[in-house]
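Fair warning: this is a prediction, and the values are worked out from it, not measured in the lab. Lettering of chains follows the sequences in order, A, B, ..., and the numbering in each one begins at 1.
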Protein chains: 2
Amino acid sequence: MKNDLTNGLGTKHPCAQNACAEGVTGIRDALYVLNGKWKLPLIFALTEGPARFKDIQRTVGDITAKVLSKELKDLELNEFVIRTVLPTTPVTVSYELTPYSLSLHKVIKELKDWGIQHRQRIIASRKVNNKLESK
Amino acid sequence: MKNDLTNGLGTKHPCAQNACAEGVTGIRDALYVLNGKWKLPLIFALTEGPARFKDIQRTVGDITAKVLSKELKDLELNEFVIRTVLPTTPVTVSYELTPYSLSLHKVIKELKDWGIQHRQRIIASRKVNNKLESK
DNA sequence: GATATGGGTTTCCCAAAGGATACCGGTATC
DNA sequence: GATACCGGTATCCTTTGGGAAACCCATATC
């Protein structure tokens with residue numbers, strides 16, 4: 001037998017025929033603008049409405065002012081966020097989602113739900129392990 | 001007026017009262033295991049069925065063997081992927097999604113769709129700019 | 001005997017991400 | 001007068017992500 005290339009994998013992978021290329025590209029495009037540790041959490045933090053710099057910082061936790069400042073600029077550039085300086089004393093700055101960023105709603109919802117579920121799964125599996133260890 | 005803190009932002013941001021904390025944590029948890037340029041594209045590339053190392057490499061394109069190897073190990077550790085060595089000559093290695101990774105289906109679908117849509121938007125807006133420039 | 005393929009590993013390297021800390025001007029509060 | 005808050009900057013530093021290229025063994029093919 002001339003080295004059966006299917007190897008039980010089913011003749012050929014569709015992706016090998018470039019059928020998945022568009023999907024992979026889509027995901028890579030999305031990740032290109034949403035990359036990093038903070039962009040999605042930040043967008044999520046603004047879904048309930050506009051917020052100010054320090055408020056955002058407190059909400060998302062851990063993020064330093066420098067990083068927050070840079071991430072917000074990125075989000076502004078990519079038209080996810082609008083920055084407004086309010087003429088109060090002292091000035092306050094409001095960050096607000098753009099209509100376009102609302103198109104990310106489902107992505108963010110699914111990711112959030114998955115994350116919550118994943119944490120519970122991890123915790124549950126740790127409990128099981130602890131029980132096994134204490135035997 | 002005692003410096004109205006609402007600043008037109010609506011009395012207080014819910015997040016400031018910690019109401020969004022679970023959501024932010026969920027997103028951060030998800031990103032923690034799905035971080036980087038490659039994990040989501042890789043999982044997507046496997047959604048059509050098992051595939052071998054080189055096949056995956058060709059499908060996602062650009063990824064070096066070293067990085068692919070490391071990413072697949074990560075995915076294995078987090079129970080998204082199963083690695084199977086088949087006793088052929090030469091050995092072939094099959095990577096396959098776990099049932100758990102199927103829970104990412106919606107996340108990946110939404111991200112992919114968004115990415116495809118986003119690329120079209122960018123292209124469309126470039127066309128508009130070109131027209132404006134050529135006036 | 002040379003070359004190709006599969007499935008990687010090793011080494012070296014660079015750029016980017018991101019954290020820590022200090023600081024800024026202006027205002028308000030104790 | 002000291003302190004705190006707001007919305008950031010500037011500087012320095014470490015970590016990581018990830019690319020390039022070489023190499024590995026084994027088989028198979030020309």
Worksheet item: Using a cut-off of 4.0 Å between protein heavy atoms and nucleotide atoms, how would you tag nucleotides 20-26 of chain D 5' to 3' with B, S and -?
Response: B------

Item to complete: Check DNA chain C against residues 31-40 of chain B and give the residues with a non-hydrogen atom under 4.0 Å, in numerical order.
Response: none

Practice prompt. Answer yes or no: does a side-chain N or O of B/Arg58 lie under 4.0 Å from OP1 or OP2 of C/dG7?
Written response: no

Worksheet item: With a 4.0 Å cut-off on heavy atoms, is B/Gln57 in touch with a base, just the backbone sugar-phosphate, or nothing at all?
Response: nothing

Practice prompt. Specify whether B/Phe80 and B/Tyr100 have parallel, tilted or perpendicular ring planes, treating 30° as the upper limit for parallel and 60° as the lower limit for perpendicular.
Written response: parallel

Worksheet entry | Distance in angstrom units between A/Ile63 CD1 and D/dG8 C1', rounded | 13 Å

Discussion item. What is the distance, to the nearest angstrom, from the CG atom on B/Asp55 to the C1' atom on C/dT5?
Written reply: 12 Å

Discussion item. Whole angstroms only, please: what is the CZ-P distance between A/Arg52 and D/dC5?
Written reply: 13 Å

Worksheet item: Between D/dG18 atom P and B/Leu42 atom CG, what is the distance in whole Å?
Response: 11 Å

Worksheet entry | Polar side-chain atom of A/Thr25 near backbone of A/Ala21 as donor-acceptor pair, under 3.5 Å | yes

Discussion item. Donor-acceptor check, side chain of B/Ser101 to backbone of B/Leu97, threshold 3.5 angstrom: yes or no?
Written reply: no

Worksheet item: Side chain of A/Gln117, backbone of A/Trp114: donor and acceptor closer than 3.5 Å?
Response: yes

Worksheet item: Does a nitrogen or oxygen in the side chain of B/Lys70 sit under 4.0 Å from OP1 or OP2 of D/dG19?
Response: no

Return all side-chain donor-acceptor pairs below 3.5 angstrom for residues 29-45 of chain A, not counting sequence neighbours, or 'none' if the list is empty.
from    : atom 1 : to       : atom 2 : distance (Å)
A/Asp29 : OD1    : B/Arg119 : NH2    : 3.1
A/Asp29 : OD2    : B/Arg119 : NE     : 2.5
A/Asp29 : OD2    : B/Arg119 : NH2    : 3.1
A/Asn35 : OD1    : A/Lys39  : NZ     : 3.4
A/Asn35 : ND2    : A/Tyr32  : O      : 2.5
A/Lys39 : NZ     : A/Asn35  : O      : 3.4
A/Lys39 : NZ     : A/Glu71  : OE1    : 3.1

Discussion item. Using side-chain heavy atoms (C-beta onward) and a distance below 4.5 Å, is B/Val91 in contact with B/Leu86?
Written reply: no

Worksheet item: Which part of the nucleic acid does A/Val85 contact within heavy-atom distance under 4.0 Å: base, sugar-phosphate only, or nothing?
Response: nothing

Worksheet item: Does a side-chain N or O from B/Arg83 land closer than 4.0 Å to OP1 or OP2 of C/dG8, or not?
Response: yes

Practice prompt. Would you confirm whether B/Thr59, through its side chain, and B/Asp55, through its main-chain N or O, come within 3.5 Å as a donor-acceptor pair?
Written response: yes

Worksheet entry | Between C/dG8 (P) and B/Lys54 (NZ): distance, integer Å | 10 Å

Discussion item. OP1 or OP2 of D/dG8 versus the side-chain N and O atoms of A/Tyr95: is any pair under 4.0 Å?
Written reply: yes

Worksheet entry | Side chain of A/Thr92 - closest among C/dT9, D/dG8, D/dG7 | D/dG7

Worksheet item: To the nearest Å, how far apart are B/Leu68 CG and D/dG18 C1'?
Response: 13 Å

Response to the item:
For A/Tyr95 and A/Val81 the tightest heavy-atom approach is CD2-CG1, 3.8 Å

Item to complete: Give the rounded distance in Å between these two atoms: CD of B/Glu71 and C1' of C/dT9.
Response: 16 Å

Worksheet item: Would you say the side-chain atoms of B/Gln57 pair up with the backbone N or O of B/Ile63, donor to acceptor, closer than 3.5 Å?
Response: yes

